[in-house]
Amino acid sequence: MAEYPRVIGQDADQGDARGDERDGQPGLRDGVRQKALVDASNVAHFSEGPAPRFKNIVLVVRKLMEEGYEPIVVADAALRHQIDERDEYEKRIEEGKVHQAPSGTDADYFILSFARELDSSIVSNDRFRDRAEAFPDAYDRIIRYMIVADEVVFERRNKPR
């Protein structure tokens, strides 16, 4: 069973207000944790295998918190039926640590809408090309990632998010 951080997108500790990108805390801006929406379905499906991995979500959330972000996990409704550690995943939904888009809706729309409303980054390898017209700023919000041997590496761009 994967260990899940205590806080996911709610009541996040503000951390050290001195942190910034120079200190390895790119998620802190003027001492305030910046929100980062996690495209949970995209992250869970990153690994090869028979089922999406709950552990991928845990690893990405943990890495975001280490970097000073306040992660907000958003998933489509289908993920709960596909993910490998269903009981752990369901527990996070019940606790409000994973936010599930309503069944029959497009989670990408919610992710992009929330990102715009909250002025946050989006952790996803999805390019959201089908939503480019409605969300022209989406590309600039995306933090792409890789997970190798349970280590998460985020893409760093020169352009501020």
Next on the checklist: Would you say that Arg92 contacts Phe54 through its side chain, given a criterion of any heavy-atom pair below 4.5 Å between the two side chains?
Outcome noted: yes
Checklist entry - With a 4.5 Å limit on heavy-atom distance, are the side chains of Phe110 and Pro102 in contact? => result yes
Item to check | Common cluster, Ile143/Val153, ILVMFWY with side-chain heavy-atom separation under 4.5 Å | outcome: no
Item to check | For Asp137, side-chain hydrogen bond (donor to acceptor under 3.5 Å, both in side chains) partners two or more places apart | outcome: Arg141
Item to check | Heavy-atom neighbours of Phe135 CZ exceed 12 at 6.0 Å | outcome: yes
Checklist entry - What distance separates Lys63 NZ from Asp150 CG, expressed to the nearest 0.5 Å? => result 13.0 Å
Checklist outcome for this item: Contacts of Ala78 meeting side-chain contact (heavy atoms from CB on, under 4.5 Å) (sequence neighbours excluded), chain-then-number -> Asp76, Gln82
Checklist entry - Taking Arg53 for the side chain and Ala44 for the main chain, is one N or O donor matched with an acceptor at less than 3.5 Å? => result no
Item to check | Closest approach of Val123 to Ala36 (non-hydrogen atoms, all atoms of both residues) | outcome: CG2-CB, 4.5 Å
Next on the checklist: Please determine whether side chain to side chain contact (heavy atoms under 4.5 Å, CB included) holds for the pair Arg127 and Arg144, giving the CA-CA distance in whole Å, both sets of side-chain angles, and the decisive distance to 0.1 Å.
Outcome noted: CA-CA 9 Å; Arg127 295 182 189 269; Arg144 294 175 56 82; 3.5 Å; yes
Next on the checklist: Run the side chain to side chain contact (heavy atoms under 4.5 Å, CB included) test on Ile93 and Arg80 for me, step by step, so that the C-alpha distance in whole Å, both residues' side-chain angles and the decisive distance to 0.1 Å come before the verdict.
Outcome noted: CA-CA 9 Å; Ile93 291 172; Arg80 75 184 329 160; 3.9 Å; yes
Next on the checklist: Just verifying a value: how many Å separate Leu37 CG and Glu70 CD, rounded to the nearest 0.5 Å?
Outcome noted: 10.0 Å
Item to check | Carboxylate-amine/guanidinium proximity below 4.0 Å for Arg62 and Glu66 | outcome: no
Checklist entry - NE2 of His45 to CD1 of Ile57: how many Å apart, nearest 0.5 Å? => result 10.0 Å
Checklist entry - What are the two closest non-hydrogen atoms of Phe128 and Asp126, and how far apart are they? => result N-OD1, 2.7 Å
Checklist entry - Distance from Ile111 atom CD1 to Ser41 atom OG, nearest 0.5 Å? => result 7.0 Å
Item to check | Residue pair Ala75 / Ala40: nearest heavy atoms and the distance that separates them | outcome: CB-CB, 3.7 Å
Item to check | Lys91 NZ to Glu88 CD distance, which is reported to the nearest 0.5 Å | outcome: 5.5 Å
Checklist entry - Under 3.5 Å, is there a donor-acceptor pair between the side chain of Asp39 and the main chain of Asp108? => result no
Item to check | Shortest non-hydrogen contact from Val60 toward Val152 | outcome: N-CG2, 4.0 Å
Checklist entry - Where do Ala77 and Ser103 come nearest, in terms of heavy atoms and distance? => result CB-CA, 3.7 Å
Checklist entry - Sequence neighbours excluded, which residues qualify as ring-ring contact (aromatic ring centres under 6.0 Å, His included) partners of Phe46? => result Tyr145
Checklist entry - Judged by atom type as modelled, is there a donor-acceptor pair below 3.5 Å linking the side chain of Arg86 to the main-chain atoms of His81? => result yes
Checklist entry - Looking at CG of Asp130 and CG of Asp106, how far apart are the two atoms once the value is rounded to the nearest 0.5 Å? => result 7.0 Å
Item to check | Considering all heavy atoms, the nearest Glu67-Phe154 contact | outcome: OE1-CD1, 3.7 Å
Item to check | Derivation of the side chain to side chain contact (heavy atoms under 4.5 Å, CB included) call for Ile72 and Phe114 | outcome: CA-CA 10 Å; Ile72 300 171; Phe114 284 138; over 6 Å; no
